[in-house]
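Notes follow the structure.
Below, chains carry the letters A, B, ... as their sequence lines are ordered, and counting in each starts from 1. Below, all heavy atoms of this structure are taken into account, side chains as well, without hydrogens, waters or symmetry copies.
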Number of protein chains: 2
Amino acid sequence: MNDRQHEPFALTERKKAILRAVIDVHIRMGEPVGSKFLLQDQQFSLSSATIRNEMAELEEMGYLEQPHTSAGRIPSPAGYRLYVDSLMTRYSVSKQETTRAAAIAAQKTDAVKKVLEQASRLVTEFTQYTSLYMYGGEVAESVLRFNSVWVDDVSFILVMTLSDGSVQSRGVQSPIPLDPDGLKSVTEVLNRNLSDVPMEKINLPLILRMEEQLGRFGPVMSPVMKTVYDIIGDPSPVELHFTGLNRILRYPEFSDILRVQKLFDLFESEEEITRLILDAVPGQVQIVIGSQTEIPGMEGATMIFRSFAESGHPISAIGLIGPSRMEYARSVALIGLLADNVERSIGHTA
Amino acid sequence: MNDRQHEPFALTERKKAILRAVIDVHIRMGEPVGSKFLLQDQQFSLSSATIRNEMAELEEMGYLEQPHTSAGRIPSPAGYRLYVDSLMTRYSVSKQETTRAAAIAAQKTDAVKKVLEQASRLVTEFTQYTSLYMYGGEVAESVLRFNSVWVDDVSFILVMTLSDGSVQSRGVQSPIPLDPDGLKSVTEVLNRNLSDVPMEKINLPLILRMEEQLGRFGPVMSPVMKTVYDIIGDPSPVELHFTGLNRILRYPEFSDILRVQKLFDLFESEEEITRLILDAVPGQVQIVIGSQTEIPGMEGATMIFRSFAESGHPISAIGLIGPSRMEYARSVALIGLLADNVERSIGHTA
DNA sequence: ATTAGCAGTCTTGCCTTTTGAGTGCTAACA
DNA sequence: TGTTAGCACTCAAAAGGCAAGACTGCTAAT
């Protein structure tokens, strides 16, 4: 219907070069970049007028935009997208960064959360952007084996080896006096009836049957089952943590308090960001350019992250959030490096 | 030396009433309050001129200040101090608040941190201010007793009952094949040599002696000692967590991005706030009016908190941070209520 | 296809003016 | 002696006007 049958512009090499230059400069300076400045900053064997023409076409193609008529150009979300997908020059991590990151893999603590947190701290330290980590409530399906340690007449320690390989222990108060032999039979009954039984299969008949088998030690079941439920019962909700929230405030695009408010509302609700991570393909660095999404509050911000999967779906992640005008190459490389090390570390424990 | 021998003003009841009124109104409106407005808002049987005189004297006494000559008065830090100490009208918590808060004490999970976190969430939900909790690295002094659970030839689980009453377990990989009897003797040696021995007393000669006692199982000591060190060795640093950081952005006194930056820098460093809590008297609600301290970034903000002590010194805390213009009475009451419940809850576990 | 030159646009900074809220002071009053 | 009405004064904040400067788009020449 539109009469303007407009020969679509081709993305020539020269256009690419100019687009890259514009984005590079904008990332460095944070301000709209004009044809004249571009000319003297980067070396092009062209005149400013030609660059102006090219920039006008790049704008029509949707890669650049103009805050107002008499201003320079800034990259559009689509421009950033093209940039990160195929324009930017790779960054290779420094020796020092590699070494520091390796420390994550070195410590093989059981605690996945600690590893993620440390990685997240390093992200902020390296990049100076706000970093985040998601920690999925990795709830074991079932208890593989029960062991117990006798403490005194009314208390003992229940040690549970879980289906995910981890080990949890809890103190249990017994409502009746219990000698070491009694405890032994309790443990046996638990192993016989509950080994590798998922939570949803543990029902009242089963519990009653166990109480019966225990005879006079039956009353012990009540606190024991409470403890079991505590361990494999309710899937603790996904956690989302941020480090270096002050960092994002340093950028002029977030000098408007209203924008910061919206961004922090987004952080606080946790929901949107969590879903973003859960929906993404695990194992590779993702770049989400805020204004390309429908997520309120993400305008002008970009999130880079990589998630870690367990049996197929993402369960945890590390990443960063900064202005869309961001050092992409470096950020992507560093998230990749740190994620590699996290993966190695939590792989070790399994 | 100063010739101006100025009869010091007395803090008459009328002055108190006016000061209270000024602060009440300022808390509600957020703007400097003038004599005329005060008159029509609250009912005084006085003229605006009289109030002006009184306010001028209150200013000279240091309780009020004037942003500029032609503005109303705002409370000074000292004014707020007087207000919270003796002027404000008590707030009594609602039935609903009491009930909700009681849920904290109800769940007696081992995890102190979880309790603090939940309390912190409730603080924000109730008051709509940014809340925080501090969680002190409660490191046990020593291991009271070792128990072990045999898993397979090369791995076992070490269960340690600590001096603070808690129980920790860790999987250990053995460098040499180990049968159940071997594990038993390892455990015996540990109990004989390390029971209730504080970290600083565990030195190389002691470890060597144990290896000797173990004979061919000596090599097991290395991973075991690593685990022990992991549990009682390095005091994990004090943690400080915030909830509802977006809340503070809603107040006009924090609409200036520079102020917000400084405040968030303060949050991020954690050091100053941690010390504030550690230096305070535990067990009672503390009110720290930012501008009365030397802490950079606290200007215009007020922190209300209560800490929990263990053997005398503060180890954890919950609290909130908001603008100095804050609903003090309600905030204090709610922090008190929630802290009571936290105390009850973590008391139960001990 | 490229470029020089120029008119046109729109933000930004700066200065001045106006407005209005609130004060302090003086003089009258109970 | 304490209280009040009235008035001149101050100062921040808002509104308006003006000049500077940075870029652009377009036209015409190369």
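- dT4(D) atom P lies 11 Å from atom CD of Glu54(B), rounded to whole Å.
- Residue Ile18(A) contributes atom CD1, which lies 15 Å from atom P of dA1(C) at whole-angstrom precision.
- Computed from coordinates, the Lys15(A) NZ to dA1(C) P distance equals 11 Å when rounded to whole Å.
- At a cut-off of 3.5 angstrom, counting only N and O atoms as typed in the model, there is no donor on one side facing an acceptor on the other between the side-chain of Ser70(A) and the base of dC23(D).
- The backbone N or O of Tyr129(A) sits nowhere less than 3.5 Å from a side-chain atom of Arg247(A) that would complete a donor-acceptor pair.
- At dA4(C), none of the side-chain N or O atoms of Arg52(A) fall inside 4.0 Å of OP1 or OP2 (strictly under the cut-off).
- A donor N or O paired with an acceptor N or O is not found under 3.5 Å between the base of dG24(C) and the side-chain atoms of Arg73(B).
- Here dG20(C) presents its C1' atom at 14 Å from CD of Glu31(B), a figure rounded to the nearest Å.
- Between Leu58(B) atom CG and dG24(C) atom C1' there is a gap of 16 Å when expressed in whole angstrom units.
- Here the nucleotide nearest the side chain of Ser47(B), chosen from dC11(D), dT4(D), dT3(C), is dT4(D).
- Proximity note for Ser35(A) (side chain, C-beta onward) versus dT23(C), dC10(C), dT24(D): the nearest is dT24(D).
- A donor and an acceptor atom, one from each side chain of Ser120(A) and Ser131(A), are located under 3.5 Å apart.
- Using a 4.0 Å heavy-atom distance criterion, Thr50(B) is classed as a base contact.
- In this structure, of dT3(C), dG25(D), dA5(D), it is dA5(D) that holds the atom nearest to the side chain of Ala49(B).
- Side chains of Tyr328(A) and Thr302(A): a donor on one and an acceptor on the other come within 3.5 Å.
- Ser35(A) and Arg52(A) are linked by a side-chain donor-acceptor pair at a separation below 3.5 angstrom, with hydrogens and angles left out of the test.
- Protein atom NE2 of His68(B) is 12 Å distant from nucleotide atom P of dA21(C), rounded to whole Å.
- Taking the six-membered ring for Trp, Phe254(A) and Tyr251(A) have ring centres at least 6.0 Å apart.
- In this structure, of dT9(C), dA5(D), dG24(C), it is dT9(C) that holds the atom nearest to the side chain of Thr69(A).
- Nearer to the 5' terminus of DNA chain D, by closest-nucleotide assignment, is the contact made by Phe37(A) (compared with the other of Asn53(A) and Phe37(A)).
- One interatomic measurement links the two molecules: CD of Glu60(A) to C1' of dG25(D), which rounds to 13 Å at whole-angstrom precision.
- Across the protein-nucleic acid pair, Leu39(B) atom CG and dA21(C) atom C1' stand 16 Å apart, rounded to whole Å.
- Positionally, the nearest nucleotide of DNA chain C for Arg14(A) lies more toward the 5' end than for the other of Arg14(A) and Val33(B).
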